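Keep in mind the model is a prediction, meaning the values are calculated, not measured.
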Amino acid sequence: MSSTTEGPTGHPAAREHDPRKACKALIGAYVGTSPEWYDFFLFGATASIVFAPLFFGGEDPALAVLRFLQGMAVGGEWGGATLLAVENAPEHKRGFSSAVVQLGSPTGTILSSMIVAAVVALADKTSPSIVEAVGYAIAALVAFPFSGSWIPGAPP
């Protein structure tokens with residue numbers, strides 16, 4: 001457990017850190033951030049391919065509003081995850097811990113790009129309408145194993 005006490009000069013003394021807690025916080029922050037960015041980039045890709053023509057027939061601003069709200073949510077989660085990782089890290093590893101959380105964005109981008117490419121390639125070989133019918137659902141279900149139920153240190 002981290003705690004701060006005042007030293008003899010009135011400045012905060014060195015914090016005590018639990019290495020297991022710091023590791024759990026770092027893994028949890030990275031594993032929690034990656035699916036957030038996966039969903040963010042997946043929605044961005046599928047919004048132009050599937051959702052816009054299927055659900056929003058014209059120049060309806062509803063899709064832009066949803067994208068804005070999603071951006072606010074992913075930004076809030078990202079900042080919270082970074083804070084969690086940095087606060088639980090020893091002082092000499094805070095930069096490293098914050099960098100690991102930042103890897104969630106490229107991880108999510110790469111995973112969502114691979115899934116969208118696979119679904120589009122499948123549609124090219126079978127039927128282009130498969131992307132509109134179930135392709136986006138398949139891509140969204142891939143993120144299910146990333147649910148918080150198995151993240152180390154997550155509440156039951």
If you compare all heavy atoms of [X] against all heavy atoms of [Y], which two are closest, and at what distance to 0.1 Å?
X	Y	answer
Trp78	Gln102	CZ2-OE1, 2.7 Å
Ser97	Ala89	OG-CB, 3.2 Å
Ser98	Val86	CB-CG2, 3.6 Å
Phe41	Ser112	CB-OG, 3.3 Å
Gln70	Asp39	NE2-O, 3.2 Å

Applying a strict under-4.5 Å side-chain criterion to I, L, V, M, F, W and Y, I'd like to know whether [X] and [Y] cluster together.
X	Y	value
Val31	Leu84	no
Phe96	Leu83	no
Leu26	Leu103	yes

Mind checking the CD-NZ spacing from Glu87 to Lys21? Nearest 0.5 Å is all I need. 9.0 Å

When rounded to the nearest 0.5 angstrom, what distance separates CZ in Arg94 from CG in Asn88?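 Here the interatomic distance stands at 9.5 Å.
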
Counting C-beta onward and ignoring hydrogens, is there a side-chain heavy-atom pair between Thr109 and Trp37 closer than 4.5 Å? no

So, Tyr38 versus Thr107: side-chain donor-acceptor pair below 3.5 Å or not? no

